[in-house]
Amino acid sequence: MKITIVTVGKIKEKYLKDAIAEYSKRLNPYCDLKIIEVADEKTPDQAGQGVEDGIRAKEGERILKHLKDDMYVITLEIAGQMLTSEMLAAKIEKLGIQGKSSIAFVIGGSIGLGKEVLRRSDYGLSFSKMTFPHQLMRVILLEQVYRSFKIQRGEPYHK
């Protein structure tokens, strides 16, 4: 299975880079993982709705360039469906059985995803009603994808 994570912005903090590297390494036996970073736009303080919509649109164009027609696209969004780890594992497994061998997870920038990206999405996934830094979400997502493969195979995973 191919797992692609398309995310806005670069990781600057070493501890996050280390965690991403660790989970990427752990995922090697389970999937072909690719992480694509697209440039983020600077959001001015006190930006109005129109400015924010424009920023989301620009970032969205960059994201959409990396989403292939055969990809099943899962966007991370607060308004998405909340799943348990077991439910996410079952969803990924079911997609594979249905012949969807390429899954793209999309993490937006600090102000979220644009309308065009949300329209392209096949499934909206929420990790919480809370807002997390998008850099940290990359680590959380990688951990949950790794946990999903462990669950699917009935392998032990420390809780």
Side-chain angles (χ1 to χ4, degrees), residues 1-41 56 58-110 112-128 132-159:
M1 175 163 288
K2 293 180 184 177
I3 301 286
T4 303
I5 297 175
V6 182
T7 181
V8 174
K10 294 195 179 301
I11 300 291
K12 297 174 184 89
E13 296 84 359
K14 183 182 180 329
Y15 72 97
L16 291 174
K17 287 180 180 179
D18 291 345
I20 290 164
E22 177 63 27
Y23 282 110
S24 296
K25 183 179 81 177
R26 289 185 188 190
L27 278 163
N28 270 340
Y30 301 101
C31 67
D32 177 14
L33 176 67
K34 185 176 187 180
I35 298 174
I36 298 168
E37 295 176 335
V38 301
D40 58 345
E41 292 288 318
R56 281 190 287 268
K58 285 179 186 174
E59 291 174 348
E61 287 174 19
R62 295 177 190 135
I63 291 168
L64 290 169
K65 288 179 185 174
H66 298 283
L67 300 179
K68 310 291 184 239
D69 290 341
D70 67 335
M71 289 178 162
Y72 185 88
V73 177
I74 299 175
T75 46
L76 273 58
E77 47 186 290
I78 290 174
Q81 183 73 32
M82 281 195 258
L83 303 176
T84 64
S85 295
E86 293 79 10
M87 291 165 69
L88 179 60
K91 179 158 192 66
I92 291 171
E93 184 174 35
K94 184 177 178 185
L95 288 169
I97 291 168
Q98 293 172 339
K100 308 261 189 232
S101 61
S102 185
I103 301 172
F105 290 92
V106 179
I107 303 171
S110 60
L113 294 166
K115 293 175 188 171
E116 291 302 316
V117 174
L118 294 174
R119 271 196 277 276
R120 173 60 181 90
S121 177
D122 295 300
Y123 188 82
L125 177 63
S126 174
F127 279 84
S128 173
F132 296 102
H134 57 282
Q135 298 92 338
L136 181 59
M137 271 317 302
R138 196 181 315 182
V139 176
I140 295 169
L141 174 62
L142 284 168
E143 190 281 333
Q144 284 299 302
V145 171
Y146 173 66
R147 184 179 295 266
S148 292
F149 284 113
K150 297 290 274 185
I151 290 168
Q152 286 175 30
R153 288 165 176 77
E155 297 173 359
Y157 188 90
H158 298 291
K159 296 180 180 182

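Everything numeric in this text was worked out from a predicted model, so none of it was measured.
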Would you check, one step at a time, whether the test side-chain contact (heavy atoms from CB on, under 4.5 Å) holds for Arg119 with Glu116?
CA-CA 5 Å; Arg119 271 196 277 276; Glu116 291 302 316; 2.3 Å; yes
Could you tell me whether the side chain of [Y] reaches within less than 4.5 Å of the side chain of [X], counting heavy atoms only?
| X | Y | result |
| --- | --- | --- |
| Leu141 | Phe127 | yes |
| Leu95 | Tyr123 | no |
| Lys115 | Leu118 | no |
| Ile63 | Leu113 | yes |
| Tyr30 | Arg153 | yes |

How long is the gap from [atom1] on [X] to [atom2] on [Y], to the nearest 0.5 Å?
| X | Y | atom1 | atom2 | result |
| --- | --- | --- | --- | --- |
| Thr4 | Ile74 | OG1 | CD1 | 11.5 Å |
| Leu88 | Ser148 | CG | OG | 3.5 Å |
| Phe105 | Met71 | CZ | CE | 11.5 Å |
| Ile3 | Ile35 | CD1 | CD1 | 11.5 Å |
| Ile5 | Ile103 | CD1 | CD1 | 11.0 Å |
| Phe149 | Ile92 | CZ | CD1 | 5.5 Å |

Taking distance alone, no hydrogens or angles, what donor-acceptor pairs closer than 3.5 Å link side-chain atoms of residues 19-26 to residues at least two apart or in another chain?
from  : atom 1 : to    : atom 2 : distance (Å)
Glu22 : OE2    : Arg26 : NE     : 3.0
Ser24 : OG     : Ile20 : O      : 2.7

Partner of Arg138 by salt bridge (Lys or Arg N to Asp or Glu O under 4.0 Å), out of Glu143, Glu13, Glu37:
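Output: one option passes, namely Glu37.
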Work out which heavy atom in [X] is nearest to a heavy atom in [Y]; give both atom names and the distance.
| X | Y | answer |
| --- | --- | --- |
| His134 | Val8 | CD2-O, 3.1 Å |
| Ser128 | Phe132 | CB-CE1, 3.6 Å |
| Gln135 | Lys10 | CG-O, 4.2 Å |
| Leu27 | Tyr146 | CD2-CA, 3.5 Å |
| Leu83 | Met87 | CD2-CE, 3.5 Å |

Using a strict 4.0 Å threshold on nitrogen-to-oxygen distance, state whether Glu59 and Arg56 make a salt bridge.
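No salt bridge links Glu59 with Arg56.
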Would you find more than 12 non-hydrogen atoms of other residues, nucleotides or ligands less than 6.0 Å from Lys2 atom NZ?
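At most 12 heavy atoms, drawn from other residues, nucleotides or ligands, come within 6.0 Å of this atom.
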Taking atom NZ of Lys91 as the centre, report whether more than 12 heavy atoms of other residues, nucleotides or ligands fall under 6.0 Å from it.
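Yes.
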Which residue, Leu67, Leu125, Val38, forms the side-chain contact (heavy atoms from CB on, under 4.5 Å) with Val106?
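Of Leu67, Leu125, Val38, side-chain contact (heavy atoms from CB on, under 4.5 Å) with Val106 is met by Leu67 alone.
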Would the distance check show the side chain of Ser126 and the main-chain N or O of Ile78 forming a donor-acceptor pair, the cut-off being under 3.5 Å?
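Yes: the side chain of Ser126 pairs with the backbone of Ile78.
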Look only at the side chain of Gln152 and the backbone of Ala89, and say whether a donor-acceptor pair between them is shorter than 3.5 Å.
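The answer is yes, because a donor-acceptor pair under 3.5 Å joins these two groups.
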Could you go step by step and tell me if Leu64 and Val117 meet the side-chain contact (heavy atoms from CB on, under 4.5 Å) rule?
CA-CA 7 Å; Leu64 290 169; Val117 174; 4.1 Å; yes
